[in-house]
Amino acid sequence: MDSIVVRGNGPLNGHIPIAGAKNACLTLMPATLLTDQPLTLTNAPRLSDIRTMSELLESLGAEVAGLQGGQVLALSSHNLTSHRADYDIVRKMRASILVLGPMLARDGHATVSLPGGCAIGARPVDLHLRALEALGAELDLRDGYVHAKAPGGLKGARFEFPIVSVGATENALMAATLAKGTTILENAAREPEIVDLAHCLQRMGAQITGEGTSTITIEGVNSLGGATHPVVTDRIELGTYMLAPAIAGGTVECLGGRLDLVQAFVNKLEQAGVEVEQTARGLKVTRHVDRLRAVDVTTEPFPGFPTDLQAQFMAAMCTAGGVSVLDEKIFENRFMHAPELMRMGAKIEVQGGTAHVTGVEKLRGAPVMATDLRASVSLILAGLAAEGETTVARVYHLDRGYERVEEKLGACGAMIERVYGK
Ligand SMILES: CC(=O)N[C@H]1[C@@H](OP(=O)(O)OP(=O)(O)OC[C@H]2O[C@@H](n3ccc(=O)[nH]c3=O)[C@H](O)[C@@H]2O)O[C@H](CO)[C@@H](O)[C@@H]1O
Ligand SMILES: C=C(OP(=O)(O)O)C(=O)O
């Protein structure tokens, strides 16, 4: 298994191109199942999760071609041969559940393995299922699979999500595009990835209003057509690389970055003493202060501070002046990076969903291991400013969500390399 070796090497300077969003692409790809016409996604990220989604769609009979080195995905579902998403693929990636709504809406039946829990929490899919039931789906849970039917087609309905769920909103939104009549989704997720999905579906002919607000209204249509759609910028990759100069010092311009994608996060960075400037090309980030200031953070659904940046922000707080309190409100077990950061000399106390981080002057390199995607990258960020060498093992988690991390940071002066097969 590959590892990443990082050596603290002073300030970083340069620019980093930000890719299309993993979490948008993973919901845009299943949208192909809604139509027999071609769907082309541009600005796609080159990640193992995207390959897993391709594998899943291909197992259903969809065609997926990666063009221009994988940055363009040409998808076609004109000849679906299966409506069963197998456990063997679904277990690798929770976003697999997003094929359920589209298949059910177009063909009236689908069988999808239940994804199971994962390192960061139990992550049930009950809200996906309740929303589809509200649209008239008949569901039977047996043998670890959801067997779903809608013999007369789905029917528009009003559904209020009891808590905000990104994935459940996406599944319901896709399904409702082909349901008969009007669907109103209340307390819907407002993430940029939802807006991006709605824009793609609109290009395919869907009638959707209210995307980006907590009430989305969908007028069902009889069929959807093809489209070409650019995947929105990855705000989590963006925030991650914005933290690199915040932690190591220097100035890094994140190309393609937009303030509206990361405003809550930027507010916290600025409070910590980092300057963020919107330029014509992206977001330019500079740390002027010698030492960051401790800042408290609570994770929330968009437009709040994203849970997917909590681990990386914690890495920054490890060497800040003062005590910062990080409250994780989205997932019940998302502090697995804390004990690893402590192996590097960080002072962190975790109690339930709250972590108290007391900044130390300096972290020290150590061999560390990550159990999820954002935890992995937080250890790399910490390593950028640590004394000595940090080796991050099990980087297959990292490869789910970051393309060419060593090249992107290396181009700004970081001493970072991938060691193959260790
Ligand atoms: C592929 C993708 O886009 N992943 C993102 C998506 O995950 P995902 O869509 O899985 O996250 P959700 O927004 O659904 O989860 C939010 C909370 O709702 C709970 N819940 C969710 C669904 C459900 O049926 N029942 C239920 O109880 C979850 O356990 C969690 O506590 O949004 C998360 C929250 O921003 C991000 O961290 C993930 O990176
Ligand atoms: C938690 C994440 O992804 P997933 O929902 O695919 O597990 C993430 O992107 O940080």
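In each ligand, atom 1 is the first atom listed, and ligand 1 is the first ligand listed.
Side-chain contact check for Asn267 and Gln271: no donor-acceptor pair (N or O, by modelled atom type) lies under 3.5 Å. With 3.5 Å as the limit, one finds a donor-acceptor pair spanning the side chains of Glu253 and Thr279. A side-chain N or O of Gln312 and one of Thr240 form a donor-acceptor pair less than 3.5 Å apart. Side-chain atoms of Thr299 and Glu328 form a donor-acceptor pair, as typed in the model, at a separation below 3.5 Å. Under 3.5 Å, the side chains of Thr354 and Asp327 contain a donor-acceptor pair of N or O atoms. Under 3.5 Å, the side chains of Gln202 and Gln207 contain no donor-acceptor pair of N or O atoms. No hydrogens or angles considered: nothing links the side chains of His397 and Asp372 as a donor-acceptor pair under 3.5 Å.
Checking only distances, Leu127 does come within under 3.5 Å of ligand 1, N or O to N or O. Polar contact check, Ile330 against ligand 1: a nitrogen or oxygen pair lies under 3.5 Å apart. Considering both main-chain and side-chain atoms, Ala95 never comes within under 3.5 Å of ligand 1 through any nitrogen or oxygen pair. Taking any N or O of Gly167, backbone or side chain, at least one lies under 3.5 Å from an N or O belonging to ligand 1. For Asp126, a nitrogen or oxygen atom sits less than 3.5 Å from a nitrogen or oxygen atom of ligand 1, counting backbone and side chain alike. Between Asn23 and ligand 1, at least one N/O pair is under 3.5 Å apart. Residue contacts with ligand 1: Glu170 is placed with no nitrogen or oxygen under 3.5 Å of a nitrogen or oxygen of the ligand (distance criterion only). Considering backbone and side-chain atoms alike, Pro124 places an N or O below 3.5 Å from some N or O of ligand 1. Residue-to-ligand polar distances place Asp308 within reach of ligand 1: an N/O pair is separated by less than 3.5 Å.
Annotation for ligand 2: atoms under 4.0 Å from non-hydrogen atoms of Ile120 are 1 (C). Counting atoms of ligand 1 from 1 in the listed order, those under 4.0 Å from a heavy atom of Val125 are 23 (C), 24 (O). The Asn23 neighbourhood of ligand 2 comprises atoms 9 (O), with distances under 4.0 Å to a heavy atom of that residue. Contact atoms of ligand 1 toward Arg123: 7 (O), 8 (P), 10 (O), 29 (O) (distance under 4.0 Å to a heavy atom of the residue).
Summary of contacts: the protein heavy atom closest to atom 1 (C) of ligand 2 is Arg334 NH2, 3.4 Å. Among protein heavy atoms, atom 9 (O) of ligand 2 sits closest to Arg374 NH2, 2.7 Å. Residue, atom and distance of the protein heavy atom nearest to atom 3 (O) of ligand 2 are Lys22 NZ, 3.1 Å.
Aromatic pair Phe305/Phe313: ring centres closer than 6.0 Å.
Test Arg374, His337, Arg334, Lys329 against Gln310 for side chain to side chain donor-acceptor pair (under 3.5 Å) and you get one pass: His337.
Within the structure, the closest approach of Met93 to ligand 2 does not fall below 4.0 Å when heavy atoms are considered.
A cation-pi geometry, defined here as NZ or CZ lying under 6.0 Å from the six-membered ring centre and within 45° of its normal, does not hold between Arg130 and Phe159.
Contacts of Arg374 with ligand 1, taken as heavy-atom pairs under 4.0 Å, are absent altogether. Contact annotation for His128 and ligand 1: heavy atoms of both the backbone and the side chain come within less than 4.0 Å of the ligand.
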(request) Dump the intermediate steps for salt bridge (charged side-chain N to carboxylate O under 4.0 Å, His left out) on Arg235 and Glu193, then the final yes or no. (result) CA-CA 9 Å; Arg235 65 196 165 95; Glu193 294 75 24; 2.9 Å; yes
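Residue nearest to atom 6 (O) of ligand 2, selected from Arg123, His397, Arg400: Arg400 (by heavy-atom distance).
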